[in-house]
Structures are given as C-alpha cells and as structure tokens.
Amino acid sequence: MNAIHQEKTIISLIKSCTRKSHLLQLHSQLLRSSHFYNPTIFLSFLSRFALPPLRDLSYSGRIFNDFPETNVSLYNTMIKAHSLGRDSARNGFLLYQELLRLGISSNALSAAVAVKCCTKIESLCNGMQIHAKIWKDGHLSDGLLLTTLMDFYSCLEKGSEAYKVFDDMSHRDIVAWNVLISCYTRNGRTRDALALFDMMRSSNVCQPDDVTCLLVLQACATLNALEWGQKVHSYIVEHGFLNARNVCNSLIVMYSRCGCVEKAYEVFKQMVDRDVVSWSAMISGLASNAFKEMQREGVLPGDQTFTGVLSACSHSGLINEGRMFFKCMSRDFGVKPNIHHYGCMVDLLGRAGLLDDAYELIRSMTIKPDAAMWRTLLGACRIHRYVALGERVVEHLVKLKAQEAGDYVLLLNIYSSSGNSEKVIEVRKMMKEKGIQTTPASSTIELKGQVHEFYADDISHPRKKEIYEMLVEINQQLRIAGYVAEITSELQSKSEPYVLSYHSEKLAIAFGLLATPPGTTIRVAKDLRICVDCHNFCKILSAVYNRKLVIRDRNRFHHFREGRCSCNDYW
DNA sequence: GACCAAGTCA
C-alpha cells in the first residue's frame with residue numbers, strides 16, 4: 001500500500017516538473033534509489049523527456065536503451081516521440097519494426113503511433129502493411145486507431161481509402177468527423193466539407209466543436225464562400241468559441257480571403273491575446289486587399305508599390321507572400337526588381353534564417369549589389385551565427401572598398417557569439433593595423449523640448465551624479481528580478497576589451513526614469529544597434545519599474561512593456 | 001494507473 005502511494009507521489013512529482021534541469025536532478029536522485037527500476041516510474045520519466053515540450057530524442061533514446069527492461073509502453077512512447085518530427089519519423093517506424101521483431105506483443109497504440117510515422121514520411125506501403133496487421137490483430141474496433149489510419153490515407157491523398165475506413169467505423173466521435181472534413185478539403189471535395197458542417201448541426205450525431213469550425217472556415221476561405229463563413233461565425237459566437245485564438249485567426253483569414261478586410265479587422269480588434277499568426281494574417285490580409293483594390297481601380301503598381309509591399313512582408317516575416325510578390329512583380333506587372341526590392345528580399349530571407357537562399361539571390365542579381373545589401377546579409381549572419389558566410393560577406397564588402405567600422409564590429413560579434421576568441425583577437429589586430437576608428441555610439445532622449453545626448457560612460461551631463469546613483473539602484477532592483485549582465489556574446493564598437501560599463505542607452509534610460517513622473521513612456525533613440533545585454537536590461541526594467549519603453553535603434557523600434565519586447569527575441 | 005487521433009498564417 002505504502003509502495004503504491006510512494007509511486008503515485010513520484011509520478012506526480014515528475015509530472016509537475018516543467019524544467020529540464022529539475023527533471024534531470026530528480027532523475028539522478030532516483031537513479032540512486034531503487035525506484036528508478038520501477039517500469040511505471042521510468043515510463044513517466046521517459047515520456048516527460050521524449051515528448052513535448054522537452055522532447056529530447058537523444059537523451060530519451062539513451063535512457064531508453066540503458067533501461068534493463070523493455071515493454072510495449074516504452075516502445076510506444078519512443079515511437080510517438082519520433083513520429084512528431086519529419087526527420088525522426090523514419091526511425092520511429094524502424095523502432096516499430098524492432099518491437100515486432102523482438103516478439104513483444106504490440107497493441108493498438110503501437111499501430112497508431114507507427115501509422116503516424118508513416119504519415120510523416122509519406123510512406124503509403126508501410127502504412128498499408130500496418131493496416132493489414134491491424135486487420136489481423138483484430139484492432140478494428142479501436143476508434144482512435146482508425147481515426148489515425150483515416151488521417152494517414154487522407155494525408156497521402158488516398159481519399160477513397162479514408163472514406164472506407166470511416167464507413168467501417170462502428171462508433172464515430174467528433175475527431176473522426178473532423179478528420180473526415182479535413183480529408184474532404186485536402187482531397188478536393190471542399191464543398192462536401194461545408195455540407196458536412198450543416199449535416200452535423202442538424203443531426204444529433206455529433207455537434208461541431210471549435211476544431212470543426214476551424215476546418216470549415218478554411219474551406220470557406222478557399223471557396224470564397226462568404227455567406228457560409230458568416231454562418232460559421234455566428235455558430236462560433238453562439239457556442240463561445242470566440243475566445244479561442246486559433247478560431248479567431250481562422251476567421252481573420254477567411255474574411256480577408258473573401259475580400260472583407262473590415263470584417264477581418266473587427267475580429268482582430270476584439271481579440272485580447274493576439275499572437276504572430278493573428279498579426280501576420282491581418283497584415284497579409286490588409287496588404288493583399290489593398291493590392292487587389294489598387295488593381296480594381298485600374299492603378300498600375302509601380303516599383304515603389306512593391307518596395308512597400310515587400311518591406312511590409314519582410315518586417316512581418318511573411319516569407320511566402322514576399323516570395324510570391326517578388327515573383328509576380330516582373331512577370332505580371334513588368335516591374336523589374338531594383339536594388340531596394342532585392343534588399344527587402346535579402347532582409348526577408350535573412351531574418352527567416354534562409355541565409356543560403358539570400359546569398360544565392362544576391363549572386364543571381366543582374367545589377368551590382370551595393371554595400372547596404374551585403375550589410376543586411378551580414379546582420380543576418382550575426383543573428384543566425386553563420387560564421388563562414390559572414391566571412392565571405394565581409395570579403396565582398398572589402399572588395400567594394402565600402403567596409404565600415406560597423407562591419408568589422410559585426411564580424412567581431414559573429415566570432416564572439418560563436419566562441420571563436422582567436423578570430424576576435426585577429427580582427428581586432430587587423431582593425432588596429434588598418435587604423436579603423438569606431439565612432440562611439442550615442443543615445444538621445446527628449447525632455448520638455450530639450451534633447452539630451454549620452455555616450456557610453458558619459459560624465460558630461462549636469463545631473464551625472466543622480467544618473468549614476470540611479471543606475472546603481474536600478475541594477476540592484478533588476479538583479480532581484482533575475483537580471484544577469486551578459487558580457488560574453490556582445491561587443492560594441494569599442495576596440496577595448498569589455499569593461500563593465502554603461503552603454504549610452506542605459507544612461508539615457510536612467511535619466512528618463514528619474515526625470516519623468518511614473519507611468520510616462522520613456523523614448524530613447526540610439527544610432528547603432530542595441531546590444532543583447534541592454535535589451536534584457538530594458539525588458540526587465542519595463543516590468544520592475546512598470547514603465548513602457550520605446551527604443552529606436554539603427555534597425556527598428558523596440559517596444560518594451562511588462563517584461564517583454566515587441567520583437568520576440570532580441571532582434 | 002501510465003503511453004494515443006483532428007486543427008489557425010504559409
């Protein structure tokens with residue numbers, strides 16, 4: 001009795017672990033006790049490590065292999081974990097075959113997760129083999145398994161097979177119906193998907209849920225079926241699905257595809273927790289509708305139009321739209337891409353981490369790339385830590401004789417963030433030899449019509465004593481809130497090694513904090529990029545001091561509020 | 001008693 005109680009406690013302890021470090025600690029503790037070899041406890045451990053949010057395949061694979069026993073559940077968990085990734089799904093299927101080879105009796109769940117792997121790797125014949133085995137093992141009454149199988153056929157565009165499975169099901173729950181709808185939309189029977197929504201509503205088999213709405217809205221968007229969409233919208237309102245973010249996002253997409261941006265905007269405005277998807281959907285809706293409207297009014301888009309559209313795409317990370325517009329501008333509108341268009345595309349691809357594509361694009365250009373273009377790419381190399389490409393880009397800049405101190409600083413940052421200190425020293429030396437001067441960065445803040453300018457470690461301001469005292473206090477406060485100064489990854493334009501000092505923006509912010517009443521937004525402009533450390537500083541400061549902070553640096557605006565920044569991570 | 005199915009932008 002006691003043992004069972006203990007087991008339960010340990011399992012709930014494992015479940016409550018949200019951090020990998022805690023879990024690892026618990027793991028090593030248990031490893032020393034006898035509990036670890038309890039298969040039930042080990043299973044809950046394994047699934048914690050193998051499945052999202054942690055999903056560490058190599059670690060979970062190791063403990064799975066090291067564990068002295070095996071059983072179906074352990075295998076199922078591992079197969080499931082592998083089925084979630086495109087690259088790992090093949091190994092998931094191999095694990096399933098291993099399970100069969102070992103003679104461990106597989107169950108319906110094993111088949112389900114193995115089928116999931118086949119869906120991911122798009123292997124029809126492997127999936128059909130499993131289907132045959134399901135038949136043989138008599139698992140045909142398992143609704144979950146059959147739903148998975150249906151989805152498999154649907155994803156591989158074997159609609160008729162999927163319908164057959166559906167027909168043979170003895171009990172169909174809402175998920176099965178939803179899979180059927182998604183199968184219809186995927187396999188070119190979009191109108192039937194809509195009809196199904198009506199059928200479900202009028203019969204009392206299964207009432208549409210939020211996912212049903214999601215799927216049907218998708219169908220409406222492709223069919224341009226505005227009235228249908230509105231019907232679904234009112235159903236959503238009636239059933240209180242409007243607080244589901246993904247439902248709202250789908251509504252936005254549906255309305256903008258149907259040309260009703262106003263309606264889309266209405267939905268967008270009443271949302272309380274908008275995420276990237278909501279914003280991207282809204283932006284792309286606005287952009288493409290404005291674009292369509294322009295054509296309707298017979299105004300031909302010019303090169304400036306595309307600069308606007310492309311830069312909107314690049315700022316909102318709309319990669320596919322950007323690519324689409326870029327392709328159609330010359331093909332359909334006879335607008336030859338100019339250097340700005342290419343610049344937007346390089347920025348777009350670079351931000352998305354598609355650096356090789358960006359490099360290829362520059363190479364393919366008929367016009368000569370300018371320094372700004374290479375610099376954009378260099379910035380992207382810095383973000384995504386592409387050392388080799390970064391070096392090549394600097395070579396191009398040198399060839400153009402356009403290299404600036406800032407470029408070397410960027411290169412320095414690339415090396416230092418990838419931990420290559422030898423190269424850092426080398427570049428520094430070269431900069432010294434070439435006599436490259438770095439201009440000190442400055443930050444400005446406006447107060448009652450007067451602009452105050454600060455440099456790093458500036459002591460020229462009349463209120464410098466207060467400002468530095470304020471900074472000491474801020475640092476204390478922020479440290480309590482968990483701020484740790486980050487000095488390793490970032491180097492500013494100083495040629496000296498990093499000394500613990502205050503960048504200009506910190507001085508400006510401290511001044512703003514002491515010179516303005518609580519609640520005032522602090523606005524600072526900086527001529528270079530804000531560094532990671534100052535960025536963290538701002539994030540935490542905005543929460544601790546409950547102030548909104550707007551920093552405009554060389555690249556963009558950063559809006560800090562309640563411990564967060566508008567640019568999700570640093571850039 | 002633990003492990004399981006569908007789904008938002010592109």
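Per chain, numbering begins at 1; letters A, B, ... match sequence-line order.
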Exercise. Do the side-chain N or O atoms of A:K80 get closer than 4.0 angstrom to the phosphate oxygens (OP1, OP2) of B:dA5?
Worked result: yes
For A:D173, report the nucleic acid contact type (base, sugar-phosphate, nothing); a contact means any heavy atom under 4.0 Å. base
| query | Under a 4.5 Å cut-off applied to non-hydrogen side-chain atoms, are A:T119 and A:L156 in contact? | reply | no
What nucleic acid atoms does A:S44 come within less than 4.0 Å of, heavy atoms only: base, sugar-phosphate, or nothing? nothing
ask   = With a non-hydrogen cut-off below 4.0 angstrom, is A:R257 in contact with a base, only sugar-phosphate, or nothing?
value = sugar-phosphate
Quiz item: Is the distance between the ring centroids of A:H340 and A:F306 less than 6.0 Å?
Solution: no
### is_close_aromatic(A:Y96, A:Y75), centroid dist under 6.0 Å
no
Is it true that A:K269 and A:E262 make a salt bridge, defined as a side-chain N closer than 4.0 Å to a carboxylate O? no
For the aromatic rings, using the six-membered ring if either is Trp, is the centroid distance between A:F152 and A:H131 under 6.0 Å?
no
So what does A:S278 hit on the nucleic acid, given a heavy-atom distance under 4.0 Å: a base, only sugar-phosphate, or nothing?
nothing
Checking B:dC4, B:dA2, B:dA5 against the side chain of A:L43 (C-beta onward), the nearest is B:dA2
Separation of B:dC9 atom C1' from A:N246 atom CG, nearest Å, is 12 Å
A:K116 atom NZ is separated from B:dC4 atom C1', nearest whole Å, by 11 Å
Taking B:dA2, B:dT8, B:dA5 as options, the one with an atom nearest any side-chain atom of A:T148 is B:dA5
- Message: Any base atoms under 4.0 Å from A:L51, or only sugar-phosphate, or nothing? Heavy atoms, all strands.
- Response: sugar-phosphate
Looking only at B:dA5, B:dC3, B:dT8, the nucleotide nearest the A:L109 side chain is B:dC3
- Message: In this structure, is the centre-to-centre distance between the rings of A:Y163 and A:Y184 below 6.0 Å?
- Response: yes
Less than 3.5 Å apart, any donor N or O on the side chain of A:D553 or A:H558 sitting next to an acceptor on the other?
yes
query = Counting any heavy atom closer than 4.0 Å, what does A:V113 reach on the DNA or RNA strands: base, sugar-phosphate only, or nothing?
reply = nothing
Between OH of A:Y255 and P of B:dT8 the distance, given in whole Å, is 19 Å
Whole-Å distance, A:N71 CG to B:dG1 P, equals 17 Å
A:R245 atom CZ is separated from B:dC9 atom C1', nearest whole Å, by 13 Å
Rounded to whole Å, CG of A:L46 lies from P of B:dC4 at a distance of 11 Å
Rounded to whole Å, the CG-P distance (A:L214 to B:dA6) equals 14 Å
Quick check: are there more than 12 heavy atoms from other residues, nucleotides or ligands sitting under 6.0 Å from CZ of A:R172? yes
A:Q218 has its side chain closest, among B:dA6, B:dT8, B:dA5, to B:dT8
To the nearest angstrom, the CG-C1' distance between A:L146 and B:dA6 comes to 14 Å
Item to check | Touch class at under 4.0 angstrom, heavy-atom based, for A:I319 against every strand present | outcome: nothing
Ordered by number, residues from residues 179-187 of chain A within less than 4.0 Å of DNA chain B (heavy atoms) are A:V179, A:R186
Q: Pick base, sugar-phosphate or nothing for A:D209, based on heavy-atom distances below 4.0 Å to the nucleic acid.
A: base
Taking B:dA6, B:dC4, B:dC9 as options, the one with an atom nearest any side-chain atom of A:V175 is B:dA6
Side-chain contact check for A:T40: nearest option of B:dG1, B:dC9, B:dA2 is B:dG1
